[in-house]
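All values reported here derive from a predicted model rather than from experimental measurement. Numbers for residues simply follow the sequence, beginning at 1.
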Amino acid sequence: MSGWSYVLTEGDAGKSAGQLLKEAGFTKKQISRQKFLPSGICLDGEKCRVTDSGKPGQLLEVNFREAHSPEQASAGEEAAREIVAAEPFEKEKNKEFTDFPDLEILYEDEYLLAVNKPSGLACHKGRGHYTDHLGNQVVRYFLQKGRNITVRQIGRLDLDTSGIVLFALDPVTAQRLWKQRQEGQLVKTYYALVHGRMEQESGQITLPLGKKPGCKNQMCVLPKGEGLSAETLYSLLWEKKLSEEYISCVSCHLKTGRTHQIRVHFSATAHPLLGDKVYGKEDGAKRLMLHAGELCFIHPYTRQIVKLQARIPWQCISYLK
């Protein structure tokens, strides 16, 4: 069972369960949903009302996945979709989990899982990847541990991009992390190898993006006033001459999270990424040279800053020699 727990202190004497949950960041809607479930809100393992008060030392628990009927389960999932803009993954019926690489786990606790996704593995279900995606792999991992839960992805990576992907293990955690992402508190750092020498050591690319006409899965820069706003901040880390041209390594932060944003922005400024066969050119690179190497966020419950790093893939390291 996945959930949230808190041991009451002397300062909590006289406070109701509902008041304590509000202080912990739960919304009125989330509390209302949990109180109608058989073991949704408990004190020392016994179901309680939101008006009940506890004593110092007692354990207050919220069990997110407690649903004993198809109607309750359906309602819970529908509510989860309303409160968080992240895709839930569950075991897909009549599908076997096979041929997955081992998960490279960077961080795990009761509420979160962060992994280092390899290039070539899809993050989610899509055309040509109905079961062989990271979401299913993570679900399988928890099933093997005896946890039948729904996981939610906080931000995605392209099929050919490697690096850190964060999963929330319950809807409340997902909502809090997604809010951090929207407010700029959850920050991901990307590293890219691009063609050419950068004109300046740091800067920002602000070009609106939209779907490329006639191309279902491609994006393009649109005229000012059209499309979706998109802003990429970058810093030059190093440059190196290979054969007849230079390549540059840049770190990037996204102020907006548009599809293929980094790839399209650098291509539009005459610095396409190495290995980008869609927005770049044939350059002999063995993969797309884009890696989500760092992630920083505030833990949704402990409020401690969490900083994660994902090792640079060997295909990218070869360019450092």
Side-chain angles (χ1 to χ4, degrees), residues 104 106-107 114-121 123 154-166 180-181 184-207 209 219 221 229-297 305-321:
E104 183 179 341
L106 303 175
Y107 180 91
V115 301
N116 185 13
K117 184 188 87 69
S119 175
L121 178 64
C123 268
I154 311 301
R156 302 173 177 178
L157 297 179
D158 294 343
L159 173 71
D160 295 322
T161 302
S162 57
I164 303 173
V165 179
L166 183 63
Q180 284 189 40
R181 189 171 186 258
Q185 295 177 315
L186 187 151
V187 180
K188 186 174 288 186
T189 303
Y190 294 83
Y191 296 99
L193 295 180
V194 303
H195 286 278
R197 304 180 73 175
M198 303 302 295
E199 290 73 20
Q200 51 191 35
E201 292 190 357
S202 63
Q204 63 184 49
I205 304 172
T206 306
L207 296 170
L209 302 179
M219 304 291 285
V221 172
S229 63
E231 184 176 354
T232 303
L233 306 179
Y234 70 88
S235 294
L236 174 65
L237 300 179
W238 53 261
E239 59 184 27
K240 180 179 180 180
K241 189 171 184 180
L242 291 181
S243 252
E244 298 180 354
E245 77 159 342
Y246 277 88
I247 63 169
S248 298
C249 179
V250 294
S251 63
C252 304
H253 293 97
L254 301 180
K255 296 292 289 289
T256 54
R258 310 304 182 197
T259 301
H260 300 172
Q261 179 173 318
I262 292 175
R263 298 165 63 185
V264 178
H265 269 178
F266 279 94
S267 178
T269 54
H271 297 290
L273 273 63
L274 273 70
D276 194 339
K277 298 179 180 178
V278 177
Y279 303 106
K281 59 184 179 181
E282 182 57 51
D283 51 28
K286 298 186 181 203
R287 51 155 290 184
L288 176 68
M289 295 299 170
L290 181 58
H291 179 65
E294 298 179 13
L295 178 67
C296 182
F297 61 94
I305 295 176
V306 180
K307 294 182 179 181
L308 304 177
Q309 290 184 319
R311 61 184 177 82
I312 298 175
W314 67 266
Q315 300 99 327
C316 299
I317 293 175
S318 64
Y319 282 89
L320 305 179
K321 299 178 180 178

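Annotation: cation-pi geometry satisfied between R197 and Y246 (NZ/CZ under 6.0 angstrom from ring centroid, within 45° of ring axis).
Y279 places a side-chain N or O within 3.5 Å of a backbone atom of M219 that can act as its donor or acceptor partner. Distance alone, capped at 3.5 Å, is enough to place a donor-acceptor pair between the S248 side chain and the G196 backbone. For H253 (side chain) and T189 (main-chain N/O), no donor-acceptor pair under 3.5 Å exists by modelled atom type.
Between Y190 and H291, the gap from one ring centroid to the other reaches at least 6.0 Å.
Under a 4.0 Å N-O distance rule, the pair R263/D158 qualifies as a salt bridge.
Minimum heavy-atom separation, I164 to N116: N-OD1, 4.4 Å. Residues P272 and A270 approach most closely at CD-C, 3.4 Å, considering heavy atoms.
Proximity of V115 to E104: side-chain heavy atoms (C-beta onward) are nowhere separated by under 4.5 Å. Side-chain atoms of Y234 and I205, non-hydrogen and from C-beta on, do get closer than 4.5 Å to each other.
Checked against L157 for a side-chain contact (heavy atoms from CB on, under 4.5 Å), the options V165, L290, L121 give a single hit: V165.
When the shell of 6.0 Å around CD of E201 is examined, it contains 12 or fewer heavy atoms from other residues, nucleotides or ligands.
Counted by atom type alone, T232 and Q204 present zero donor-acceptor pairs between their side chains at under 3.5 Å.
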